[in-house]
Amino acid sequence: MNHDFEDDLDRMLAALPLEEPPAGLRASILAATIYRPAFPIRLWEGWALGVISALMLWLVVLVVKGGGGAFVGSIELLSSFAWRALSSPALVLWLALGTAIAMWMIYFNTYWTAPQHISRR
Amino acid sequence: MTAPPPPATDQYLVEQTLLGNGDAFATLLDRYERAVYHLAYRTMRDAEEARDVAQESFFKAYRSLRTFKPGAKFSTWILSIAYHACCDRLNRRKRYTNEELPDRADPGPGPAEAAVARDEAARLRAAIEALPEKYRTVITLYHLQGKQYDEIAQVLGLPMGTVKTHLFRAKEHLRKVLTEVTQ
């Protein structure tokens, strides 16, 4: 292949206009990205709602099946378990350590510092 | 009189998008929409599919913007996403329609037709169109990126030597076709 042709080809390619994107492509991309309606709740909010709903359901089932007594009994059982667990200094220490690490990760990880929803300014 | 501010770099626009500035992403879209569509159109040879590929590419880029490495070139990144989207579609097309991947020149607007037009751009376009897929893509990226072979190699996920070989062969094909037409 001679250099003249290569130069000619480069010149022809440089002069060749790019394909014109169809009308509406830009708008459809923007609609699918920055204008896309944000999901109303975040992931952790979804989890929290799920847990609360499950607890409520459990409460309703307990009350319907065994009356107030079963409910009070279960709460007492759970609270005594929690109290016993929290009385152990080692467990409290581990919990504090875990919380501190979680806080540190949230604070320093850029993933969490960036906003979840992109808004158009 | 003060000089106009320099245009924002792609890296800055990516950072701004991640900080929630939607206009920054719109600017990136303005910069690369044509290049992405052009690559998709040249690879797919179908306007409708090229449109879908362009849309899909920007959507994927937007969703995975956090994975964009600082210091990398946005153009290379977005063209790479587009190229892989094209490959996926070509593979699917082959699987479902049993249509052969356009590795060989298929009937399109041929060089003879282009010769009638006597238009340089039309002739070149027709000649590129008639190239096998791998050469067509490499010449399209050469058109978009210039002589930045390393970036073409990154987009295609091929070694630089292979890119240079493909490019050489693509140019050879074009030389043959274009000189045949002019004779």
Side-chain angles (χ1 to χ4, degrees), chain A residues 1-49 101-121, chain B residues 15-26 28-30 32-42 47-48 50-52 54-63 65-66 120-125 127-128 139-140 142-144 146-147 167-176 178-179:
Chain A
M1 188 167 47
N2 61 41
H3 287 290
D4 285 348
F5 174 76
E6 199 157 355
D7 291 344
D8 277 352
L9 182 64
D10 283 350
R11 183 186 52 76
M12 285 165 79
L13 279 173
L16 189 68
L18 298 186
E19 292 297 331
E20 199 63 50
L25 176 62
R26 185 181 186 276
S28 66
I29 291 171
L30 289 179
T33 52
I34 58 175
Y35 290 133
R36 191 185 175 90
F39 199 63
I41 57 169
R42 294 178 185 183
L43 187 66
W44 71 267
E45 291 170 338
W47 276 102
L49 275 174
I101 290 171
M103 294 294 288
W104 181 80
M105 284 174 77
I106 288 168
Y107 189 75
F108 287 105
N109 193 332
T110 51
Y111 177 82
W112 293 102
T113 52
Q116 297 289 311
H117 309 298
I118 302 274
S119 62
R120 196 171 159 83
R121 279 184 197 155
Chain B
E15 284 163 12
Q16 285 296 304
T17 307
L18 287 173
L19 288 171
N21 183 355
D23 279 341
F25 187 75
L28 283 171
L29 176 62
D30 291 339
Y32 297 108
E33 180 193 11
R34 284 189 78 179
V36 167
Y37 179 78
H38 182 80
L39 175 66
Y41 183 79
R42 285 272 162 257
E48 203 51 46
R51 183 198 162 97
D52 290 349
Q55 192 168 353
E56 186 186 327
S57 306
F58 278 102
F59 184 65
K60 276 186 181 166
Y62 182 75
R63 289 196 63 178
L65 214 51
R66 287 176 210 288
E120 193 176 76
R123 279 194 295 126
L124 180 59
R125 216 175 268 136
I128 293 173
I139 205 79
T140 303
Y142 178 74
H143 177 199
L144 291 172
K147 289 179 178 171
L167 197 56
F168 178 80
R169 288 184 185 152
K171 285 178 176 179
E172 270 293 315
H173 271 267
L174 291 179
R175 188 181 62 81
K176 270 185 205 155
L178 291 172
T179 46

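In this text, all values refer to a predicted model and were calculated from it rather than measured experimentally. Naming convention: chains lettered A, B, ... in sequence-line order (proteins, then strands); numbering from 1 in each chain.
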Visitor: Answer yes or no: is there an ion pair linking B:Arg34 with A:Glu19, defined by an N-O contact shorter than 4.0 Å?
Guide: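 Between A:Glu19 and B:Arg34 there is no salt bridge, as every charged N stays at least 4.0 Å from the carboxylate O atoms.
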
Visitor: First locate atom CD1 of B:Ile128, then atom CE of A:Met12, and finally report the distance between them rounded to the nearest 0.5 Å.
Guide: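 These two atoms lie 8.5 Å from each other.
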
Visitor: Of the backbone (N, CA, C, O) and the side chain (C-beta and beyond), which part of B:Leu29 lies under 4.5 Å from a heavy atom of chain A, both, or neither?
Guide: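 Interface part for B:Leu29: side chain.
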
Visitor: Where does B:Phe58 contact chain A at under 4.5 Å (heavy atoms): side chain, backbone, both or neither?
Guide: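 Contact with chain A involves both backbone and side-chain atoms of B:Phe58.
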
Visitor: Can you list the steps and then say if A:Arg36 with B:Phe59 is a side-chain contact (heavy atoms from CB on, under 4.5 Å)?
Guide: CA-CA 11 Å; A:Arg36 191 185 175 90; B:Phe59 184 65; 3.7 Å; yes

Visitor: Which answer fits A:Ala15, side chain, backbone, both or neither, if we ask what part of it has an atom under 4.5 Å from a heavy atom of chain B?
Guide: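 Neither part.
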
Visitor: For the candidates A:Ile29, A:Leu18, A:Leu13, A:Leu25, which exhibits the highest count of non-hydrogen atom pairs separated by less than 4.5 Å from chain B?
Guide: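 Counting heavy-atom pairs under 4.5 Å, the top option is A:Leu18.
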
Visitor: Determine yes or no for a side-chain-to-main-chain donor-acceptor pair under 3.5 angstrom, with B:His143 supplying the side chain and A:Leu16 the backbone.
Guide: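 Yes, the answer is positive, given that a donor and an acceptor are paired below the 3.5 Å cut-off.
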
Visitor: Could you tell me if the side chain of B:His38 sits less than 4.5 Å from the side chain of A:Pro17, heavy atoms only?
Guide: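 The answer is no; the side chains never approach within 4.5 Å.
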
Visitor: How many angstroms lie between CG in B:Leu178 and CG in A:Asp8, if you round to the nearest 0.5 Å?
Guide: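 Rounded to the nearest 0.5 Å, the CG-CG separation comes out at 10.0 Å.
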
Visitor: Quick one, B:Arg51 and A:Pro21 - any side-chain contact, counting heavy atoms below 4.5 Å?
Guide: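 B:Arg51 vs A:Pro21: side chains apart.
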
Visitor: Kindly indicate whether the side chain of A:Ile34, heavy atoms from C-beta on, has any atom under 4.5 Å from the side chain of B:Asp23.
Guide: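 No, too far: nothing below the 4.5 Å cut-off.
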
Visitor: Given side chains that start at C-beta, do those of A:Thr33 and B:Arg63 come closer than 4.5 Å, heavy atoms only?
Guide: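 A side-chain contact under 4.5 Å is absent here.
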
